[in-house]
Amino acid sequence: MFLKEHLLGVPEDVKTLILLVSEQAKKIRKGFLEHSRLAGTKNIYGEEQLELDKWADDIILKAMEESKLVRSVASEERDEITSIVKARGSWGITVDPLDGMSCVETNLSVGTIIGMFNEGNVLEPGNKMDAACFVLYGPLTTLTYAYKGWGCHEFVLDEQGNFVLRNESMKIPEGKIYGSGALRKDWIPQHKKYIEELEKQGYKLRFSGSFTADFNQVLHYGGLFTYPASTGSPSGKLRLLFEGNPMAFIAKEAGGNSFNGKKSILDVKPEILSQRVPIYIGDKKTIDLAKKFF
Ligand code: F6P
Ligand code: MN
């Protein structure tokens, strides 16, 4: 089954927006060779931008503008929300155009992450989100989407340019892999003890440096992805709006869970666009165990 057929089950706007993302993903996939030089600029987090980053950001923004469905777009690569005055629709979209960009040079998998709010306001907790999706550019190009109450589904790009169903109604299994960001010496004590317990239980370390790829692994095999609070960075590294929320939403639709050390990531009310959040996402059992340590 093709993505466009599968999307007949969700509201028309969601279908249109996810199909638009899938079309931009095909362009981004083709652009890696030409656009993977350094742009010579940094984003608001001080991270070096690739030409590809800005280029991917531009094409996604343009597609959202042209859809006429989107009133506001917040991107990890922009300091401010872009308001689209001519929009007929009321959607608010969050975009991480190229997640895991340090992995481009070494040819590891990277991704595009999108969150969708039909009320237009992106500065809302993730539990107000209606849909989310991510594209993973790996040996295969996959698009995984989740719509509120409709579950999480994965599609793979074929040679004819169609996204074909690969996994329907995904459920995160109980698994024994984990990936943790930040330096071990800087981990907060609760995190340290939790990871020690996982290792004692036989959880195996797998961390690539690309959140989309690492999260996708957990979606398929279970276990845990975490980028914790650390001594130098009490909110961790990853961004609530662009990274934490869409993936926490997708995990929830796949029967998994998320946690920030206090509550579900989806219950955190963002105050600023660039807000960071400690991240624990994984299968339900592994996240329940995390809660015992905080
Ligand atoms: O977007 C930030 C990001 O590239 C994530 O994709 C990834 O999980 C993280 O940074 C890796 O950070 P570090 O280089 O500190 O391991
Ligand atoms: Mn990112």
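We number each residue from 1, following the sequence as shown. Both ligands and their constituent atoms are indexed starting at 1 by order of listing. Keep in mind it's a predicted model, so treat the numbers as computed, not measured.
- The atoms of ligand 1 that sit less than 4.0 Å from any heavy atom of Asp99 are 1 (O), 5 (C), 6 (O).
- Classification of Lys26 and Glu23 as a salt-bridged pair holds, one side-chain N sitting under 4.0 Å from a carboxylate O.
- Within the 4.0 Å heavy-atom shell around ligand 1 one finds Gly209.
- Two residues are said to be in side-chain contact when any heavy atoms from C-beta on lie closer than 4.5 Å; Phe117 and Thr94 meet this criterion.
- The aromatic ring centres of Phe211 and Tyr227 sit 6.0 Å or more apart.
- His35 meets the ring-ring contact (aromatic ring centres under 6.0 Å, His included) test with Trp55; sequence neighbours excluded.
- Looking only at side-chain heavy atoms (C-beta outward), Lys284 and Ile287 stay at 4.5 Å or farther from each other.
- In summary, the atoms of ligand 1 found under 4.0 Å from a heavy atom of Gly100, numbered by their order in the structure, are 4 (O), 6 (O).
- Geometric assessment of Arg206 against the ring of Tyr178 yields a negative cation-pi assignment under the 6.0 Å and 45° thresholds.
- With waters neither drawn nor counted, the protein N/O/S atoms under 2.8 Å from the Mn ion (ligand 2) amount to 3.
- Aromatic pair Tyr280/Phe294: ring centres closer than 6.0 Å.
- Using a 4.0 Å cut-off between charged side-chain N and carboxylate O, Lys62 and Glu66 make a salt bridge.
- In terms of N/O distances under 3.5 Å, ligand 1 is not approached by Thr212.
- Not a single heavy atom of Ser102 sits less than 4.0 Å from an atom of ligand 1.
- An N or O contact shorter than 3.5 Å is missing between Ser210 and ligand 1 by distance.
- Taking the ring centroids of His6 and Tyr145, they lie under the 6.0 Å cut-off.
- In terms of polar-atom proximity, Leu238 is not counted as a contact of ligand 1, lacking any N or O under 3.5 Å from an N or O of the ligand.
- Below 4.0 Å from some heavy atom of Glu243 lie the following atoms of ligand 1, by number and element: 1 (O), 2 (C).
- Residue Glu76 has no nitrogen or oxygen atom sitting less than 3.5 Å from a nitrogen or oxygen atom of ligand 1, judged on distance alone.
- Near Phe211, meaning under 4.0 Å from one of its heavy atoms, ligand 1 places the atoms 5 (C), 6 (O), 7 (C), 8 (O).
- Side chains of Leu266 and Asn245 form a contact here, defined as non-hydrogen atoms less than 4.5 Å apart.
- A ring-centre distance under 6.0 Å is found for Phe32 and Tyr137.
- In terms of protein heavy-atom proximity, atom 9 (C) of ligand 1 is nearest to Lys237 NZ, 3.9 Å.
- Aromatic pair Tyr194/Phe293: ring centres closer than 6.0 Å.
- Asp13 has its side chain out of reach of Asn118: every pair of non-hydrogen atoms, C-beta onward, lies at least 4.5 Å apart.
- Between Tyr227 and ligand 1, a contact under 3.5 Å exists for at least one N or O pair.
- For ligand 1, the atoms sitting less than 4.0 Å from at least one non-hydrogen atom of Phe207 are 16 (O), numbered in the order shown with element in parentheses.
- Considering only non-hydrogen protein atoms, atom 2 (C) of ligand 1 sits nearest to Arg239 NH2, 3.4 Å.
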